[in-house]
Protein chains: 2
Amino acid sequence: MTSKPAQTGKRAVPERTKRGTPATGKVTLNDVALLAGVDRSVVSRVINDDPRLSIRPDTRKRVLETIEKLGYRGNAAARSLRTARSHMIGLLIPDFANPVYAEIIKGAEAEAGNLGYGLMTASSEGVRQSVGHYVELFGQGRVDGLLLAGEESGREMEQLRALRVPWLQVNRRMGGTDRYVVLDDEHGSGLAVEHLVALGHRRIAHIAGPETADTARRRRMGYTEAMSRAGLTADPWLIIHADYTPAGGRAAMDELLAAPQRPTAVYVSNVASAVGVLHALHIAHVAVPDDMSVIAMHDMVLADHLVPALTTVRMPLGELGARAVRLMATCGPADPIAQVVTDPVEIVVRASTAPPCTDD
Amino acid sequence: MTSKPAQTGKRAVPERTKRGTPATGKVTLNDVALLAGVDRSVVSRVINDDPRLSIRPDTRKRVLETIEKLGYRGNAAARSLRTARSHMIGLLIPDFANPVYAEIIKGAEAEAGNLGYGLMTASSEGVRQSVGHYVELFGQGRVDGLLLAGEESGREMEQLRALRVPWLQVNRRMGGTDRYVVLDDEHGSGLAVEHLVALGHRRIAHIAGPETADTARRRRMGYTEAMSRAGLTADPWLIIHADYTPAGGRAAMDELLAAPQRPTAVYVSNVASAVGVLHALHIAHVAVPDDMSVIAMHDMVLADHLVPALTTVRMPLGELGARAVRLMATCGPADPIAQVVTDPVEIVVRASTAPPCTDD
DNA sequence: CTGAAAGCGCTTACAG
DNA sequence: CTGAAAGCGCTTACAG
């Protein structure tokens, strides 16, 4: 007679999961239930704080103690399979080397931890190199949601959409979507211009980001509007578009220095570009801030140690990352999300800005 | 009579996974099998290229086409649960703002992609803030292995060990372990010193990393040995320990400038510190490279744009990250791994090094 | 107050 | 050459 497989916990196991190897320490719900003398469904409900569970205090205590004693850790895969949620959030950034994203990641990571989520950060660059692209990484239910801080091409957005994973744009709003969270770039830009105006500058240039970038557009608008408010004209030759990189900033500054009428101050839309701007001025023997004031969007530790120390606009980048995670974790996949993080924006005055030379 | 649940694909499904909602597009192996007219085990084996499967070419073709047609993506949780592998690798770094780690992450990410793994990067900082610490993030079978590039405290290593996840130290070897992959820091340091010696410097200082850091120790050793080889003495006052941060480098340089006999050159063990070193020299009106040559460990885009552009030692940081992932993916959890990535180490000469002033 | 059962979507040894 | 079955470790509606 073929005996039915013996009861709970004694069922046949595939070779690779051999029991009796306590070294591996694979403790399951069943092990806990067996030792605590209850059903595994009870253990599960204790762990998940099921409000519909009524249980005697001492039974609960016994279960909890057994979990502790065996060092039980729930299996993420089993739980994901059952609940169809991974408790992971993906974050796609353009480049790990850009310190702006480091701030966003930090905020996102901390908030994810608080909400019991894991954060899986990848760079567009890295993903592009890999074989399966987004599919391997973010498809297959690996993440519950995807935060997009990168510059995805149309084809890439297509691929992402095919994954059918809820997504949210961070720090940009492309393609007329209603799923984004951004900073108040216009306001920040306005403050930068106002700082320079207050110092007495009138010919203020703007090294803007790439023309295609949404952030660049918003910062440029903030700049032109603040110029108008101050009764100054933002002549087209005062605005140069450049990549958000040191090399981009350097080239833009060179161009600005070659202009017929030199500005006395420049507002750079990105701190990475500003590094290149300072370098270009150094090479051209233009003294900062005596002959040229420089202020840049985004404050970083680095700014304090550049030569000279860089005046910046501090934006709540960490809060942006945190907010994005929170929204992703709490909103439905199709809820419209259109948020602007405004809170602490301030000018951090350092050595790179001063009144213009009087003999100008 | 209670009819047995109808066959494959028609079993009762829990409410949340309602079929007939093609919008959600939850396509399973069963759906593919049904449409292709084969068993789902066949589909599985086709997907996984099971060598023990013999199948008619046209059947295989039909299966593949159906997968394509339905846009089937395997469910990661189900696969993980069944195979007890997550195909995820965790990477723990100290700080996203440190550009050195950006390079390591990039290399690791690319290699993970090539091997079909996902990379889950977290910072020690961020993890410490979160509620469940490592357990939530890396426990529960979420990752197959853990790459440790951070500075974990003893208590944290304890926690990590309790997770029973295979781990590998990256860029450091702490606690007499035989699971690490590092760079040839000694060799790189030697090259830095040799570069300065070749320029004619004899009083060469070293701003070393934190005394507790393994990398700092190896770089300092490379420095002292190269000094000896050149017949120079590495006097104790020439060596200052500092954090791997701009602030650390700045304080160390200030200390060096206050010394009775000033060095003519300094080898800084980290590019972040070097930023602070250049700043300190600027403040003190010490001309670089005329009055002080500066060379730093680790090449970054930033180095090219500092004032002045910084001479560096380029180390294979990306390859370090890639190697770590490869080892983690291919080695057994207890195999001894003690590797040194030596390959392309070279001096990148920029504007911060020159022969010493002759009137010195 | 607690237990038994079904099933999430896969993989794999085995049967035919 | 292909199919049927068992089971990975959970959760949850339901029964008692």
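The base of C:dA4 sits within donor-acceptor range of the side chain of A:Ser41, with an N or O pair under 3.5 Å. A donor-acceptor contact under 3.5 angstrom links the side-chain atoms of B:Arg45 to the base of D:dG3.
Of the candidates D:dG7, C:dC1, D:dC10, D:dC10 carries the atom nearest the A:Tyr72 side chain, counting heavy atoms from C-beta on. You'll find that the side chain of A:Thr83 is closest to D:dT12, out of D:dT12, C:dT12, C:dT2. Comparing D:dG3, C:dT2, D:dG9 by their nearest atom to the side chain of A:Arg56 picks out C:dT2.
Under the 4.5 Å side-chain criterion, counting only non-hydrogen atoms from C-beta, A:Glu111 is not in contact with A:Leu119. Side chains of A:Ser123 and A:Asp95 form no contact here, defined as non-hydrogen atoms less than 4.5 Å apart. At a threshold of 4.5 Å between non-hydrogen side-chain atoms, the residues A:Leu148 and A:Leu168 do not count as touching.
Here D:dT2 presents its C1' atom at 8 Å from CG of B:Leu53, a figure rounded to the nearest Å. One atom, CG of A:Leu29, and another, P of D:dT11, lie 6 Å apart when rounded to the nearest Å. Between the CG atom of A:Asp39 and the C1' atom of C:dG3 there is a distance of 5 Å, rounded to whole Å. When rounded to the nearest whole Å, the span between CG of B:Asn75 and P of D:dC10 equals 16 Å. C:dT11 atom P lies 10 Å from atom NE2 of B:His87, rounded to whole Å. Rounded to an integer number of Å, the gap from B:Lys26 NZ to C:dC10 C1' is 13 Å. When rounded to the nearest whole Å, the span between CD1 of B:Ile67 and P of C:dC10 equals 10 Å. We find that CZ of A:Arg79 is positioned 16 Å from C1' of D:dC8, with the value rounded to whole Å.
Both B:Ile55 and B:Leu81 sit near DNA chain D, but only B:Ile55 has its closest nucleotide nearer the 5' end. Comparing B:Ala78 and B:Gly37 along DNA chain D, the residue whose closest nucleotide (by nearest heavy atom) sits nearer the 5' end is B:Gly37.
When all heavy atoms of B:Pro166 and B:Pro333 are compared, the pair lying nearest together is CG-CB, 3.6 Å. Counting all heavy atoms, side chain and backbone alike, B:Phe96 lies closest to A:Lys106 at N-CE, 4.5 Å. Scanning both residues, B:Val43 and B:Leu29, for their nearest heavy atoms gives CG1-CD2, 3.2 Å.
Side-chain N/O atoms of B:Thr59 include one lying less than 4.0 angstrom from OP1 or OP2 on D:dT2. Side-chain N/O atoms of A:Arg40 include none lying less than 4.0 angstrom from OP1 or OP2 on C:dT2. OP1 or OP2 of D:dT11 has at least one side-chain nitrogen or oxygen of A:Ser44 nearer than 4.0 Å. OP1 or OP2 of C:dT11 sits under 4.0 Å from a side-chain N or O of B:Asn48.
Among the protein residues, A:Arg52 comes within range of the sugar-phosphate backbone only, with heavy atoms under 4.0 Å from sugar or phosphate atoms but none that close to a base.
Base pairing in DNA chain D gives the following stems of 3 or more Watson-Crick or G-U pairs, range against range and under 3.5 Å: C:1-3 with D:14-16, C:5-12 with D:5-12, C:14-16 with D:1-3.
Separation of atoms CG (B:Leu34) and OG1 (B:Thr66) is listed at 10.5 Å; rounding is to 0.5 Å.
Here B:Arg323 pairs with B:Glu319 in a salt bridge; the nearest charged N to carboxylate O distance falls below 4.0 Å.
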